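Contents: one structure, followed by commentary.
This is a predicted model, so every value here is computed, not measured. Each chain gets a letter, A, B and so on, in the order its sequence line appears, and its residues count up from 1.
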Number of protein chains: 2
Amino acid sequence: MKRNLSETCYDFFSTLANPTRLAVLELLRDGPKNVTDIANTLNQEQSMISHNLKPLERCRFIFSERRKKEHLYSLNKETMEPIFKTFVYHSKKYCPTRGKCLTADQLREQKRKDASGTIFVTH
Amino acid sequence: MKRNLSETCYDFFSTLANPTRLAVLELLRDGPKNVTDIANTLNQEQSMISHNLKPLERCRFIFSERRKKEHLYSLNKETMEPIFKTFVYHSKKYCPTRGKCLTADQLREQKRKDASGTIFVTH
DNA sequence: ACGATATATGAAGATTTTTTCATATAAGAG
DNA sequence: CTCTTATATGAAAAAATCTTCATATATCGT
C-alpha cells in the first residue's frame, strides 16, 4: 500500500477526530486554561480531560506550561487557525446544511447542478 | 459540553483519520482514478476501497464522475491541498522526526529550549 | 437477453478507541 | 510532615470503527 503523507498524517488527524478534543481546542481559542477549568467548562470528568489533553500535546496542537500547582494549556494557533479556517471554508461551500456533510440525495442533486455548470469549478 | 465548531468538525476529521482513506487521497493527488485502479495500486480489496470512498465523497473530499462502466474519483484539491500544506508545515516544525510527533522526552527537551527563547515564538 | 466487468452493500467478527473509576503522583500551604 | 488541591495514570468495560466475505446491482458489449 502506497503511503507517504498518509502514514504520517494518521496521527495528526486521528488526534483531531474526537469531539472532546475538538471542544478543548475550541475552548482554548479563548485563551489558556488549566485542566480543572476545562473540565468544568466542558462538563467532563477531570480524568477524561487529562486523557484527551495528552494526545493533543503530543501532536503539539496545544502547549503546556506550569503555573504553581496547575498546568496551563494553550492553543497552537499557528497550526490550528489555518486548519479551522480551511474547515470553515470547506463546510460553507460543500456542507451547507449545518456542518453535516451532504446526504447521498443532496449530493446527487448538487452533482446535477455541478454538471449544469452553475456552481462549482471542477478540479 | 460547549460545542460549536467541534460538533461540526468531527465528521470532517474522523473521515480523514484512516490510513486507507489518506492513502486514497494521496493517490488521487496524481489525478482521477477508478475504484479498481485504486484498489490495485494500494493493494487492497475492492470492497474495502468502496467502503472508504463513501465517507470521502460524502464529506466532499473527493468527487466522482461516471465514465462508461467505471466511476472516476478525483480529489477536491481546493480543500485538500491547504489541509496537507498545513499538516506538512506543522509536522516539519513540531514533529521533525519523520512525521511521528515528539515523544514525551523530546517534548520536554523542546520545551526547555522553548523556555530559553531560541526556537519558538509563544502564542 | 447473456456474460463479463465495475462497483456497491450488508452484516459478522475483529480491532481500536473511548470512557469511567479507582488510585497515583506532585506541589504548595500551613 | 500532613493536608489539600491539581493533574496524571492504569486498567477494564463500553462504544465506535474497520475489515472481510458473500452477494447485490449496474452497465457495457455482443
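- Taking the six-membered ring for Trp and thresholds of 30 and 60 degrees, A/F12 and A/F61 have ring planes more than 60 degrees apart, a perpendicular arrangement.
- Taking side-chain N and O atoms only, A/N18 has no distance below 4.0 Å to OP1 or OP2 of C/dT17.
- Counting heavy atoms from C-beta on, the side chains of A/T79 and B/Y94 come closer than 4.5 Å.
- In terms of phosphate contacts, A/K69 brings no side-chain nitrogen or oxygen within less than 4.0 Å of OP1 or OP2 of C/dA26.
- Side-chain nitrogen and oxygen atoms of B/Y73 include none within less than 4.0 Å of the OP1 or OP2 phosphate oxygen of C/dA6.
- Taking 3.5 Å as the limit, the base of D/dA6 and the side chain of A/Q46 contain no donor-acceptor pair of atoms between them.
- Residue contacts shown for A/S47 include a base, since a base heavy atom lies under 4.0 Å away.
- At the phosphate of D/dA26, neither OP1 nor OP2 sits under 4.0 Å from any side-chain N or O atom of B/K68.
- Looking only at atom types and distance, the side chain of B/Y89 has a donor-acceptor partner in the side chain of A/E78 under 3.5 Å away.
- Judged by distance alone, with hydrogens and angles left aside, B/T20 brings no side-chain donor or acceptor close enough to the base of D/dC18 to form a pair under 3.5 Å.
- Put simply, CE on B/M48 is 18 Å from P on C/dG10, counting in whole angstrom units.
- In this entry the distance linking CG of B/L56 with C1' of C/dA8 reads 15 Å, nearest Å.
- The interatomic distance linking B/I49 (CD1) with D/dC21 (C1') rounds to 16 Å, in whole Å.
- When the side-chain nitrogen and oxygen atoms of B/R21 are compared with OP1 and OP2 of D/dC18, one or more of them lie within a distance under 4.0 Å.
- For the pair B/Q44 CD and C/dT7 P, the interatomic distance rounds to 16 Å; values are reported in whole Å.
- Atoms CD (A/E45) and C1' (D/dT7) sit 14 Å apart, rounded to a whole Å.
- Counting heavy atoms from C-beta on, the side chains of B/L27 and B/I38 come closer than 4.5 Å.
- Between A/S50 and D/dT9 there is no side-chain N or O to OP1 or OP2 distance below 4.0 Å.
- Straight-line distance from the CD1 atom of A/I38 to the P atom of D/dA6: 14 Å, rounded to whole Å.
- Residue B/T36 places at least one side-chain N or O under 4.0 Å from the OP1 or OP2 atom of C/dT7.
- Each of A/R66 and A/N52 was matched to the nucleotide of DNA chain C holding its nearest heavy atom; the match closer to the 5' end belongs to A/N52.
- The separation between A/K54 atom NZ and C/dT18 atom P is 12 Å, rounded to whole Å.
- Checked by atom type, the side-chain pair A/R21/A/N52 shows a donor-acceptor distance below 3.5 Å.
- On a pure distance criterion of 3.5 Å, no polar donor-acceptor pair joins the side chain of A/H51 and the base of D/dT7.
- Looking at B/H71, its side chain has no donor and acceptor atom pair within 3.5 Å of the base of D/dT27.
- A/I62 has its CD1 atom 13 Å from the C1' atom of D/dT7, to the nearest Å.
- The phosphate of D/dA16 (OP1 or OP2) has no side-chain N or O of B/Y10 nearer than 4.0 angstrom.
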